[in-house]
Number of protein chains: 2
Amino acid sequence: MVYQDKKQVDEKDISLKLFVVLNRAMQSIKKQIEEDIKRYGLNQTEFAVLELLYHKGDQPIQKIGSKVLIASSSITYVVDKLEKKKLIRRKPCPNDRRITYAVLTEDGKELMRTIFPEHKEAIHDILGGVDIDEKKMMIDQLKKLGTYANKDRS
Amino acid sequence: MVYQDKKQVDEKDISLKLFVVLNRAMQSIKKQIEEDIKRYGLNQTEFAVLELLYHKGDQPIQKIGSKVLIASSSITYVVDKLEKKKLIRRKPCPNDRRITYAVLTEDGKELMRTIFPEHKEAIHDILGGVDIDEKKMMIDQLKKLGTYANKDRS
DNA sequence: AAAATATATCTCGAATTCGAGATAATTATA
DNA sequence: TATAATTATCTCGAATTCGAGATATATTTT
């Protein structure tokens with residue numbers, strides 16, 4: 001192929017542009033949200049773990065990894081930190097001795113009851129750049145993007 | 001306020017959902033792109049720096065930081081790595097002795113000439129989950145989101 | 001039942017990023 | 001001009017994340 005169809009080239013430029021803009025937007029948003037969470041003495045990963053336990057109840061440590069999307073070695077690290085802060089504790093599974101559950105302590109629950117609504121409010125504020133219909137549209141499109149990206153394209 | 005307007009609550013849920021979906025999609029996409037770049041023995045930050053120099057020419061090290069969105073200490077680290085790989089070199093600025101330019105070496109240029117088109121193709125493939133019109137729409141919306149997120153909301 | 005395979009968690013070292021602060025050079029102010 | 005403030009880069013130590021591999025337990029296969 002000596003030359004590429006003009007339209008093809010344009011489309012690739014659009015894709016590249018989308019990636020760049022996605023990156024930028026994400027970084028801005030994450031930075032703001034990180035800022036909010038820092039007020040509670042937590043980082044995003046720690047918060048995500050607490051949020052998971054708060055909404056879904058006790059979880060095997062390994063499940064946490066797949067939901068929060070981090071490597072198993074990283075979970076050990078985060079769970080250690082949260083345990084030191086007395087926000088969660090480890091509880092062995094009686095049926096399967098390989099498994100350890102992460103469980104919110106009373107302190108952890110209390111903290112989440114307080115900060116989760118505030119956090120939700122903060123996210124809503126930070127994402128105020130588009131209206132609700134646009135958000136719904138973006139959710140659909142982002143789901144498609146994410147699902148497709150995970151597919152094997154080789 | 002004893003209760004919150006139902007609509008308000010829903011809207012906050014949508015915002016939260018958008019954030020979650022955005023995170024997920026981004027992580028999937030980044031992972032795939034990282035994978036592609038790894039084939040060239042680079043990571044995303046290194047690639048971003050090379051790309052910047054390739055498209056915008058020599059840059060003061062500090063400018064690189066603001067474009068690629070990393071801290072000054074991190075740039076020093078990345079520039080060191082790329083210099084060791086002989087893909088860029090440091091060049092002092094004659095007018096302002098505080099400034100050091102990062103400059104693509106011939107090897108660096110050659111590499112980018114080869115891999116940039118491939119990389120662009122890969123991104124296009126990875127982002128195949130939505131069509132071009134949806135991409136254009138997302139670009140606009142993401143720009144709005146990003147700009148707004150950067151605003152001071154305190 | 002023994003052997004092989006799979007699963008859950010953890011340890012370790014490496015890579016990457018950050019923030020605080022040091023240093024040197026430049027620009028603005030008194 | 002001397003002083004103060006700003007700017008560009010770098011150093012250092014800490015935080016976070018990862019992947020490879022270790023260990024213990026459970027499940028599947030022979």
Side-chain angles (χ1 to χ4, degrees), chain A residues 23-24 26-28 30-35 37-38 40-50 52-53 58-85 88-103, chain B residues 23-24 26-28 30-35 37-38 40-50 52-53 58-85 88-103:
Chain A
N23 246 320
R24 289 240 172 83
M26 200 57 204
Q27 195 145 353
S28 303
K30 275 200 145 180
K31 192 163 185 178
Q32 298 296 322
I33 291 180
E34 185 85 56
E35 195 98 349
I37 293 176
K38 211 184 295 173
Y40 320 126
L42 300 169
N43 67 27
Q44 281 193 67
T45 310
E46 293 171 312
F47 189 89
V49 171
L50 292 178
L52 177 67
L53 299 182
D58 307 352
Q59 300 283 323
I61 282 183
Q62 171 266 141
K63 278 274 178 193
I64 298 176
S66 55
K67 306 265 184 146
V68 179
L69 302 180
I70 55 175
S72 71
S73 49
S74 306
I75 309 176
T76 300
Y77 173 74
V78 178
V79 168
D80 280 351
K81 275 181 61 189
L82 290 172
E83 206 171 25
K84 272 177 206 141
K85 293 179 182 176
I88 70 176
R89 62 187 181 80
R90 284 178 162 91
K91 190 181 87 175
C93 171
N95 305 328
D96 186 335
R97 290 174 28 193
R98 290 171 302 181
I99 297 177
T100 304
Y101 286 96
V103 178
Chain B
N23 247 320
R24 289 242 172 82
M26 201 56 205
Q27 194 145 354
S28 303
K30 275 199 147 183
K31 192 162 183 178
Q32 298 297 322
I33 290 180
E34 185 85 56
E35 195 98 348
I37 292 175
K38 212 184 295 174
Y40 320 126
L42 300 168
N43 67 27
Q44 281 194 68
T45 310
E46 293 171 314
F47 190 89
V49 171
L50 293 179
L52 177 66
L53 300 181
D58 306 353
Q59 300 283 324
I61 281 182
Q62 171 265 142
K63 278 273 177 195
I64 298 175
S66 55
K67 306 265 184 146
V68 178
L69 302 180
I70 54 175
S72 70
S73 49
S74 306
I75 310 178
T76 300
Y77 173 73
V78 178
V79 167
D80 280 351
K81 274 181 61 188
L82 289 172
E83 206 172 25
K84 272 177 206 141
K85 293 180 183 176
I88 70 175
R89 63 188 181 79
R90 285 178 161 91
K91 191 182 86 175
C93 171
N95 305 328
D96 186 335
R97 290 173 29 191
R98 290 170 304 181
I99 297 177
T100 304
Y101 285 96
V103 178

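Quick caveat: nothing in here was measured; it's all calculated off a predicted structure. Residue numbers start from 1 in every chain, and the chains themselves are labelled A, B, ... in the order their sequence lines are given, proteins ahead of strands. Basis for what follows: all heavy atoms, side chains included, without hydrogens, waters or symmetry-related copies.
Protein atom CD1 of A:Ile99 is 16 Å distant from nucleotide atom C1' of D:dT23, rounded to whole Å. We find that OH of B:Tyr77 is positioned 17 Å from P of C:dG19, with the value rounded to whole Å. Residue A:Glu83 contributes atom CD, which lies 13 Å from atom P of C:dT9 at whole-angstrom precision. Residue A:Glu34 contributes atom CD, which lies 11 Å from atom P of C:dC18 at whole-angstrom precision. We find that OH of B:Tyr101 is positioned 14 Å from C1' of D:dT9, with the value rounded to whole Å. Counting to the nearest Å, the C1' atom of D:dT16 and the CG atom of A:Leu42 are 15 Å from each other. Straight-line distance from the NZ atom of B:Lys30 to the C1' atom of C:dT16: 12 Å, rounded to whole Å. One interatomic measurement links the two molecules: CD of B:Glu35 to P of D:dC18, which rounds to 14 Å at whole-angstrom precision.
Inter-residue side-chain proximity for A:Lys91 and A:Asp58 is flagged as met; some heavy-atom pair is nearer than 4.5 Å. When side chains are defined from C-beta on, A:Val79 does not count as touching A:Thr100, because their heavy atoms never get closer than 4.5 Å.
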key: Check against side chain to side chain contact (heavy atoms under 4.5 Å, CB included), A:Leu42 and A:Leu50   = CA-CA 10 Å; A:Leu42 300 169; A:Leu50 292 178; 3.7 Å; yes
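Within 4.0 Å (heavy atoms only), B:Ile70 reaches sugar-phosphate atoms of the nucleic acid but no base atom.
Using a 4.0 Å cut-off between charged nitrogen and carboxylate oxygen, B:Lys81 and B:Glu46 count as a salt-bridge pair. A salt bridge links B:Arg90 to B:Asp80: at least one charged side-chain nitrogen sits closer than 4.0 Å to a carboxylate oxygen.
We find the CG-OG distance between A:Leu52 and A:Ser66 to be 8.5 Å, quoted to the nearest 0.5 Å. In this structure, CD1 in A:Ile99 is found 9.5 Å from NZ in A:Lys63, a value given to the nearest 0.5 Å. Atom CD of residue A:Gln27 and atom CD1 of residue B:Ile70 lie 9.5 Å apart, to the nearest 0.5 angstrom.
For the OP1/OP2 pair of C:dT9 and a distance below 4.0 Å, the side-chain nitrogens and oxygens of A:Ser73 include no atom meeting the criterion. Contact between the side-chain N/O atoms of B:Lys81 and the OP1/OP2 oxygens of C:dA15 is not found at any separation under 4.0 Å. Dashed line: the shortest gap from a side-chain N or O of B:Asn43 to OP1 or OP2 of C:dA15 is not under 4.0 Å. Between C:dT17 and B:Ser74, no contact under 4.0 Å exists linking OP1 or OP2 to a side-chain N or O.
At a non-hydrogen distance threshold of 4.0 Å, nothing from residues 58-68 of chain A comes into contact with DNA chain D. For DNA chain D, the residues of residues 89-97 of chain B within the heavy-atom distance limit of 4.0 Å (strictly under) are B:Arg90, sorted by number.
The residue from B:Glu34, B:Lys30, B:Lys38 that alone fulfils the side chain to side chain donor-acceptor pair (under 3.5 Å) condition with B:Gln44 is B:Glu34.
One can find a donor-acceptor pair under 3.5 Å joining the base of C:dC10 and the side-chain atoms of A:Ser72. A donor-acceptor contact under 3.5 angstrom links the side-chain atoms of B:Arg98 to the base of D:dT7.
When all heavy atoms are compared, the tightest approach of B:Ile64 to B:Val49 is CG2-CG2, 3.8 Å.
Projected onto DNA chain D by closest heavy-atom contact, B:Lys38 and B:Asp80 fall at different nucleotides, the more 5' of which corresponds to B:Asp80. The 5' end of DNA chain C is approached more closely, in terms of each residue's nearest nucleotide, by A:Thr76 than by the other of A:Lys31 and A:Thr76.
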